[in-house]
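The structure appears right after this line, and notes come after that.
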Number of protein chains: 2
Amino acid sequence: MTLRDVAEEAGVSVTTVSYVLSGRADRATGMPVETRERVAAAAERLGYTANTAARVLRRQRTELIALAYAPPVSPWLDQLTAQCEDLAAERGYSVIGLPIRRPERAAHSLRVLERGYVDGAIIVSLPPDIDVNHYARTTRGLVVFHEHLSVPRVDVVRAHERAGMAAATRYLIEQGRRRIAYLAHAAPVDLSPGERYAGYRDAFAEAGRPVPDELVRTGADDRAGAVVAVRSLLDHPDPPDALVSESDRGALAALQAAADRGIKVPDDFAVVGAGNTSEGLFASPPLTSVGSDQLEFRPLVEALFARIEDPDRPAQEIVMPWRLHHRSSA
Amino acid sequence: MTLRDVAEEAGVSVTTVSYVLSGRADRATGMPVETRERVAAAAERLGYTANTAARVLRRQRTELIALAYAPPVSPWLDQLTAQCEDLAAERGYSVIGLPIRRPERAAHSLRVLERGYVDGAIIVSLPPDIDVNHYARTTRGLVVFHEHLSVPRVDVVRAHERAGMAAATRYLIEQGRRRIAYLAHAAPVDLSPGERYAGYRDAFAEAGRPVPDELVRTGADDRAGAVVAVRSLLDHPDPPDALVSESDRGALAALQAAADRGIKVPDDFAVVGAGNTSEGLFASPPLTSVGSDQLEFRPLVEALFARIEDPDRPAQEIVMPWRLHHRSSA
DNA sequence: CTGAAAGCGCTTACAG
DNA sequence: CTGAAAGCGCTTACAG
């Protein structure tokens, strides 16, 4: 079922069919209504669908953008996805998800970018050892969540996670907490490896206190793993009286583990999460969390489309700063 | 940067370059090592990447499969995604995610299938009012999670959710629970609309008892919403002594809401989830849940690739039956 | 062993 | 107002 079939059915040339079905308004406008209707009817009758590969080859546009992320997924990503879709739909674009796996397979996952399947991509989690420039060659627009990256035709989103995490930890120190534990992600593919943990350490350095290495655990990316990790912390001979987690997911698990043991939060055990997700709002007690103020992603999606239009525009830096949102868990 | 550039650089024809870089082994094999190396070196030097649109147009294969799902996402989907990726990679395929939105926008989301961007798709959540046949025309392989659907060239996965849900509810009835509440998904895009709820009702019908409509709430797809819904249930003048949730997520929220109120689970309030996710295992108490025994998706991924190879093979029905997994929450 | 050429199905500048 | 033709960049049957 091709353009040619429709042309024959309607008794016109493929040129005319193309103009009517996908062509420019300025061309179709000058055409008699009768012709347009005849073509439209023929296409309808035959159930014609344009061949995307041919169109892409000709126009050099796939009208697809990708959202590259490392599982496990979160409500935050659902939010970003939904907003991307709305803004993409306005431009006739569709959004696809691109799960990026453990670092050794990351390059394989990114083949979708490498092969030019999409016009643009928002890379939420840039695996370590991946050269963004490589993908910029085949993908017109690239927006990357990264704290330091600075590359000519690539726009970046900075969260200032390290400063945010330091503020969260400092808050606990100033409260007089003696034993402040840390729950890191276990999966090595991460938004900005080590940034958050560095912030935690910064606060100790600033206060002239040693980092309690024996209270640092992994598992924040998986609720089940986090529960296990927090239980082991609470079993420590000199247990923590506070916990900073790299995710709200991990912090929620900590609240659960504390409740199981009958430990009072925040009095005997303060908990701070990261991400400021809506899930934290409804925990009990509501979760204190460090994260972006609001989930408004429009600026970065618009930066992406602007770059797809004009690859030579200057690289843009979008700041979505983390700050501490005080609720009742700390 | 095209095949022609590489051909010139290496001093051979595009035919030869094509054979060396992507062509069939039987052709490249007969070629002198020297030629092959010269071509490979030229491609390397120029940083050649094949144009995907051109290749797709020629070969009629995109080497992409999609996983179409309705957010919010879950660990179950992460699991399916990871297994798909492993099996796809073996065949040189990549996997993309296709988030499907609320029903009125579903058709737009599915344009990626309609336009033939992928060779095959696994549709985890088929929105109501969507005609699968339409997408079968542009997508060679289609595997759909659906309880009833039966369409010529489409393979289906049946979970027998209704029977599973009835078994879960029956278990509570036989335990002597008097007031069995129900927590449904709020999002209307769902795996199999109404199936689970129908199972809940079946158990009552079977026991000759009326369904307690006043104890049916929505919110199972969102932890925050679920907490609110369960609180309102517990505030009911004649509160429930048990709850069946359409998701483990909702059941986990119920455990939390019960703990907040100091209600003993399962003695005063039994909770059963659905999905049998790993998260439920580490809840306190560990969550009783109805769902598939194991998360082994290989059969359905293989069915998908088999159909991509041979679109005329008979439609296959893959059963991953739900059953009740007894743990401590009910 | 290697290459010239056809063709996948579109879009669009150009001619009439 | 409409169409013939070029060309996007590959793959591959065929010829030599």
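We use all heavy atoms of the structure for the numbers below, so side chains are in, but hydrogens, waters and symmetry mates are not. Sequence lines set the chain letters: A, B, ... in the order given, protein chains first and strands last, and positions in each chain run from 1. This one's a predicted model, so the numbers in the text were calculated from it and none came from an experiment.
- Going from atom CZ of B:R55 over to atom P of C:dC10 covers 21 Å, rounded to whole Å.
- Atom CD in B:Q60 sits roughly 17 Å away from atom P in D:dC10 (whole-Å rounding).
- Distance, B:R36 CZ to C:dT2 C1': 14 Å, rounded to whole Å.
- Within the structure, every side-chain polar atom (N or O) of B:S18 is placed at least 4.0 Å from both OP1 and OP2 of D:dC10.
- The residues A:D86 and A:R91 are annotated as not salt-bridged, no charged nitrogen and carboxylate oxygen being separated by less than 4.0 angstrom.
- Remark: B:E63 engages B:R59 in a salt bridge, criterion side-chain N to carboxylate O under 4.0 Å.
- Under 4.0 Å is where a charged nitrogen must lie from a carboxylate oxygen, and between B:R38 and B:E34 at least one such pair does.
- In this structure, of C:dA13, C:dC10, C:dC1, it is C:dC10 that holds the atom nearest to the side chain of A:Y48.
- Residues A:V151 and A:N133 meet the side-chain proximity criterion, which asks for heavy atoms closer than 4.5 Å.
- Contact annotation: A:T16 side-chain N/O to D:dG3 OP1/OP2 distance is under 4.0 Å.
- Of the possible donor and acceptor atoms, none in the side chain of A:E147 sits under 3.5 Å from a partner among the backbone N and O of A:E195.
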I'd like a table of atom pairs between the protein and nucleotides 5-7 of chain C - only N or O on both sides, under 3.5 Å - with the distance next to each one.
| from | atom 1 | to | atom 2 | distance (Å) |
| --- | --- | --- | --- | --- |
| C:dG7 | N2 | B:R58 | NH1 | 3.3 |

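- Within the 4.5 Å cutoff, the side chain of B:T16 has heavy atoms near those of the B:S13 side chain.
- In this entry the distance linking OH of A:Y19 with C1' of D:dC1 reads 12 Å, nearest Å.
- Aromatic rings from A:W76 and A:F297 are positioned such that their centres are separated by under 6.0 Å.
- Of the candidates D:dT12, D:dC10, C:dG9, the closest approach to any side-chain atom of B:T2 belongs to D:dC10.
- Look at CZ on A:R4: it is 11 Å from C1' on C:dC8, rounded to the nearest Å.
- Residue-to-nucleotide proximity on DNA chain D shows that, of B:M1 and A:P32, the 5′-proximal contact is made by A:P32.
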Subject >> Per-nucleotide pairing state of DNA chain C [Watson-Crick or G-U, under 3.5 Å; [ ] pseudoknot-crossing; | other strand] >> reply: |||.||||||||.|||
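- Residue B:N51 has its side chain nearest to D:dC10 when only C:dT2, D:dC10, C:dC10 are considered.
- Atoms CZ (A:R115) and C1' (D:dG9) sit 16 Å apart, rounded to a whole Å.
- As judged by a 4.0 angstrom heavy-atom cut-off over every strand, B:T35 is placed among residues touching the sugar-phosphate backbone only.
- D:dC10 atom P lies 15 Å from atom CD of B:E63, rounded to whole Å.
- Rounded to an integer number of Å, the gap from A:M31 CE to D:dG3 C1' is 11 Å.
- Other residues, nucleotides and ligands contribute only 12 or fewer heavy atoms inside 6.0 Å of the CG atom of A:D129.
- Taking the salt bridge (Lys or Arg N to Asp or Glu O under 4.0 Å) definition, one finds that A:R140 meets it with nothing, sequence neighbours left out.
- In this structure, the side chains of B:H146 and B:V157 stay at 4.5 Å or more apart for every pair of heavy atoms.
- Closest to the A:L57 side chain, of the nucleotides D:dT11, D:dG3, C:dG9, is C:dG9.
- Nucleic acid contact for A:V12: sugar-phosphate only, since backbone atoms but no base atoms lie under 4.0 Å from a heavy atom of the residue.
- Map B:S13 and A:L3 each onto its nearest nucleotide of DNA chain C; the residue landing nearer the 5' end is B:S13.
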